[in-house]
Amino acid sequence: MLLAMLRGTGTSLEVFFLTLIFAVPLAVFVCMGRMSKNKILSNTTNVFLLIIRGTPLMLQLLVVYFAPGLLIKWLNDSFNLGIQFIWNRFVAAIIALTINYAAYFAEIYRGGIESIPKGQYEASKVLGYTKYQTFFRIVLFQVIKRITPAMGNEVITLVKDTALVSVIGVAELLMVAKERQSAMFSFAPLFIAGVFYFVMNWGVSFAFAKLEKKLSYYR
């Protein structure tokens with residue numbers, strides 16, 4: 001039982017880290033689109049954010065996994081294309097989680113950037129800094145410091161949201177625990193799964209607490 005649950009934990013950690021690796025940089029581009037002066041781009045990005053943040057993650061997982069296959073089937077039936085399509089459950093889970101968390105991270109980024117007083121931009125302009133130099137030498141590190149607590153909360157939520165990928169058949173920790181519970185007629189697998197999730201979240205909380213302490217250079 002424990003070995004199977006450790007394998008499930010490994011899958012959960014894979015989902016967690018891959019989602020972070022892809023969502024964190026993707027959110028930068030989403031944030032740039034949201035803050036763009038181009039009305040078409042900013043409005044389109046805003047609609048995207050409203051859809052992603054306004055619908056359940058579980059629904060998004062189901063759509064990402066099933067929609068491509070249904071679309072290919074419709075194209076084959078309508079135009080006799082004969083396209084073969086095989087969708088990997090794990091890849092679908094990573095894509096859905098990445099899109100979802102990129103939307104939330106993007107809004108955190110935007111809030112951090114907009115929290116910087118305009119006076120700092122004006123002062124840097126007077127000192128002869130370009131927009132690029134202003135952002136990377138003055139604004140960026142302040143933004144990182146301000147968004148760290150909010151990012152920590154989202155990352156902790158991501159650890160727990162990895163359990164949702166079981167809805168499309170990815171054998172992560174909670175799915176394995178449920179299977180073992182049914183086989184053993186015991187609550188023990190679910191309790192162990194809870195301990196594993198707690199340990200993972202404790203690790204994330206500890207890492208962000210260290211980061212916040214390191215960034216608190218004015219205290």
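Among all heavy-atom pairs drawn from G112 and V143, the shortest one is O-CG2, 3.8 Å. Residue A93 comes nearest to V170 through the heavy atom pair CB-CG2, 4.2 Å, listed as atom of the first residue, atom of the second, then distance. Residues A171 and V176 share a closest heavy-atom pair of O-CG2, 4.1 Å. Heavy atoms only, all atoms of each residue included: M58 and V167 are closest at CG-CG2, 3.9 Å. Between P149 and R146 the shortest heavy-atom distance is CD-O, 3.6 Å. Across every non-hydrogen atom of T148 and I144, the tightest pair is OG1-O, 2.6 Å.
Note that OG1 of T45 is 12.5 Å distant from CZ of F29, once rounded to the nearest 0.5 Å. Rounding to the nearest 0.5 angstrom, the gap separating the CD1 atom in I108 from the CD atom in E154 is 4.5 Å. With rounding to the nearest 0.5 angstrom, the CD1 atom of I86 is 12.0 Å from the CD1 atom of I72. Distance CD1/I113 to CE/M32: 9.5 Å, rounded to 0.5 Å. Taking CG of L158 as the start and CE of M151 as the end, the distance is 10.0 Å to the nearest 0.5 Å.
In the displayed structure, I40 atom CD1 is contacted under 6.0 Å by at most 12 heavy atoms of other residues, nucleotides or ligands. Within a 6.0 Å sphere centred on CE of M35, other residues, nucleotides and ligands contribute more than 12 heavy atoms.
In the hydrophobic clustering of ILVMFWY residues, with side-chain heavy atoms under 4.5 Å counting as a link, I94 and V63 come out apart. Both I83 and W74 are assigned to one and the same hydrophobic cluster, defined by single-linkage of ILVMFWY side chains at heavy-atom distances under 4.5 Å. Transitive grouping of hydrophobic side chains (ILVMFWY, heavy atoms separated by less than 4.5 Å) keeps I95 and L59 in distinct clusters. Clustering ILVMFWY residues whenever any of their side-chain heavy atoms sit less than 4.5 angstrom apart, transitively, puts V47 in a cluster other than the one holding V30.
Shown here are the ring pair (Phe, Tyr, Trp, His ring centres under 6.0 Å) partners of Y109, two or more places apart in sequence or in another chain: there are none. S36 meets the side-chain contact (heavy atoms from CB on, under 4.5 Å) test with N38, L41; sequence neighbours excluded. With sequence neighbours excluded, no residue satisfies side-chain hydrogen bond (donor to acceptor under 3.5 Å, both in side chains) with N76. Not counting sequence neighbours, Y104 has no partner by the side-chain hydrogen bond (donor to acceptor under 3.5 Å, both in side chains) test. Partners of E114 according to the side-chain hydrogen bond (donor to acceptor under 3.5 Å, both in side chains) rule, which considers only residues two or more places apart in sequence or in another chain, are R110. By the side-chain hydrogen bond (donor to acceptor under 3.5 Å, both in side chains) test, K131 pairs with no residue at all, sequence neighbours left out.
Two residues are said to be in side-chain contact when any heavy atoms from C-beta on lie closer than 4.5 Å; P189 and M184 meet this criterion. No side-chain heavy atom of E212 sits less than 4.5 Å from a side-chain heavy atom of K145. The shortest distance between side-chain heavy atoms of L164 and D161 falls below 4.5 Å. For the pair Y101 and T157, the minimum side-chain heavy-atom distance is below 4.5 Å.
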Show me the side-chain donor-acceptor pairs of residues 48-56 shorter than 3.5 Å, one per line, residues at least two apart or across chains.
from	atom 1	to	atom 2	distance (Å)
R53	NH1	E107	OE1	3.4
T55	OG1	I51	O	2.8
T55	OG1	Q60	NE2	2.9

Distance-only check: which donor-acceptor pairs under 3.5 Å involve side-chain atoms of residues 10-27, not counting sequence neighbours?
from	atom 1	to	atom 2	distance (Å)
T11	OG1	R7	O	3.2
S12	OG	G8	O	3.2
S12	OG	L173	N	3.1
T19	OG1	V15	O	2.6

Could you go through residues 133-141 and list every donor-acceptor pair under 3.5 Å that involves a side-chain atom there, pairing it with any protein atom two or more places apart or in another chain?
from	atom 1	to	atom 2	distance (Å)
Q133	OE1	T130	N	3.0
Q133	OE1	T130	OG1	3.4
T134	OG1	S124	OG	3.0
T134	OG1	T130	O	2.8

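Residue pairs meeting the ring-ring contact (aromatic ring centres under 6.0 Å, His included) criterion with at least one partner in residues 179-207, sequence neighbours excluded, are W202-F206. Legend: side chain to side chain donor-acceptor pair (under 3.5 Å) pairs involving residues 177-191, not counting sequence neighbours: none detected.
Using modelled atom types, one side-chain atom of N43 and one backbone atom of K39 make a donor-acceptor pair closer than 3.5 Å. Looking at S166, its side chain does come within 3.5 Å of a backbone N or O of A163 through a donor-acceptor pair. In this structure a side-chain-to-backbone donor-acceptor pair under 3.5 Å is present from E172 to M175.
Residues near V126 contribute nothing to a hydrophobic cluster around it, because no ILVMFWY side-chain heavy atom sits closer than 4.5 Å to its side chain.
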Exercise for the section: Take T9 and M200 through the side-chain contact (heavy atoms from CB on, under 4.5 Å) test and state the conclusion after the steps. Expected result: CA-CA 9 Å; T9 303; M200 287 188 285; 4.2 Å; yes
